[in-house]
Amino acid sequence: MPTINGTAIKKVVVACDAGMGSSVMLASTLRRQLSKSAVTVEHTPVNQIPADADVVICHAGLAARARVSAPDKVIVPIQVFIGDPAVTKVVNAVQRGGELNG
């Protein structure tokens, strides 16, 4: 299972299946929350995760596909796109340091 320290995160990808709804809102929210950090937040399809992603956030139902697409990346599965504690954990790791597993 890949691990990364929050201080080493440079790119977070919010991956989705095909829609442009909730996951886009999550990416926008993360951009605002991480605006004072040197972290890029992108939104991509789960099958097209960029090689330079450090952390991938996706719905739990897509986590297996994300692991196939980005096997060496930290995958953070979530249940809801707004207010999920796993997203808060990513934000806190970037802002305060700390390990993320996935």
Side-chain angles (χ1 to χ4, degrees):
M1 177 181 300
T3 301
I4 190 168
N5 188 287
T7 60
I9 296 171
K10 299 298 175 213
K11 182 183 270 189
V12 174
V13 171
V14 179
C16 71
D17 194 13
M20 291 294 291
S22 300
S23 57
V24 171
M25 287 190 298
L26 174 57
S28 177
T29 299
L30 279 171
R31 278 187 205 98
R32 279 193 309 277
Q33 290 176 330
L34 300 175
S35 64
K36 294 180 180 170
S37 307
V39 175
T40 302
V41 178
E42 290 185 5
H43 177 265
T44 67
V46 71
N47 296 329
Q48 298 175 11
I49 296 169
D52 62 345
D54 296 308
V55 174
V56 178
I57 299 173
C58 64
H59 189 272
L62 299 175
R65 287 175 55 195
R67 284 189 200 340
V68 169
S69 184
D72 59 335
K73 307 302 178 188
V74 172
I75 308 295
V76 178
I78 60 172
Q79 295 298 322
V80 293
F81 284 95
I82 304 300
D84 195 292
V87 174
T88 302
K89 188 174 179 181
V90 172
V91 171
N92 288 340
V94 169
Q95 292 175 340
R96 302 178 190 153
E99 297 294 313
L100 276 179
N101 301 312

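Looking at Ser28, its side chain never comes within 3.5 Å of a backbone N or O of Val24 through a donor-acceptor pair. In this structure a side-chain-to-backbone donor-acceptor pair under 3.5 Å is missing from Asn101 to Thr3. Between the side chain of Lys11 and the backbone N or O of Ala51, no donor-acceptor pair lies under 3.5 Å.
Nearest approach of Pro77 to Ala60, heavy atoms of both residues: CB-CA, 3.8 Å. Contact between Cys16 and Ser23 at its shortest, heavy atoms only, is CB-OG, 3.2 Å. Among all heavy-atom pairs drawn from Ala93 and Leu100, the shortest one is CB-CG, 3.9 Å. Heavy-atom minimum distance, Val56 versus Ala66: CG1-CB, 4.4 Å.
The CD1 atom of Ile78 sits 6.5 Å away from the CD1 atom of Ile57 when rounded to the nearest 0.5 Å. A distance of 12.0 Å separates CG in Leu30 from OG1 in Thr40, rounded to the nearest 0.5 Å.
A continuous path of ILVMFWY side-chain contacts below 4.5 Å connects Leu34 to Ile4, so both sit in one hydrophobic cluster. Val14 and Leu62 end up in different hydrophobic clusters when Ile, Leu, Val, Met, Phe, Trp and Tyr side chains are linked at under 4.5 Å. Cluster annotation: Val74 and Val12 are assigned to the same hydrophobic cluster (Ile/Leu/Val/Met/Phe/Trp/Tyr, side-chain heavy-atom contacts under 4.5 Å, transitive). Under the 4.5 Å side-chain heavy-atom criterion for ILVMFWY residues, no single connected hydrophobic cluster contains both Val13 and Val76. A continuous path of ILVMFWY side-chain contacts below 4.5 Å connects Val41 to Val94, so both sit in one hydrophobic cluster.
A donor atom on one side chain and an acceptor atom on the other are not found under 3.5 Å apart for Ser35 and Arg31.
Within the structure, side chain to side chain donor-acceptor pair (under 3.5 Å) contacts touching residues 82-96 (residues at least two apart or in different chains) do not occur. Residue pairs satisfying the side chain to side chain donor-acceptor pair (under 3.5 Å) criterion with at least one member in residues 55-71, sequence neighbours excluded, are listed as follows: Asp17-Arg65.
By the 4.5 Å heavy-atom criterion applied to side chains, Pro2 and Lys73 are not counted as neighbours.
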Discussion item. Using the rule given for salt bridge (charged side-chain N to carboxylate O under 4.0 Å, His left out), can you reason through Lys10 versus Asp54, listing the C-alpha separation, both sets of side-chain angles and the distance that settles it, and then say yes or no?
Written reply: CA-CA 7 Å; Lys10 299 298 175 213; Asp54 296 308; over 6 Å; no

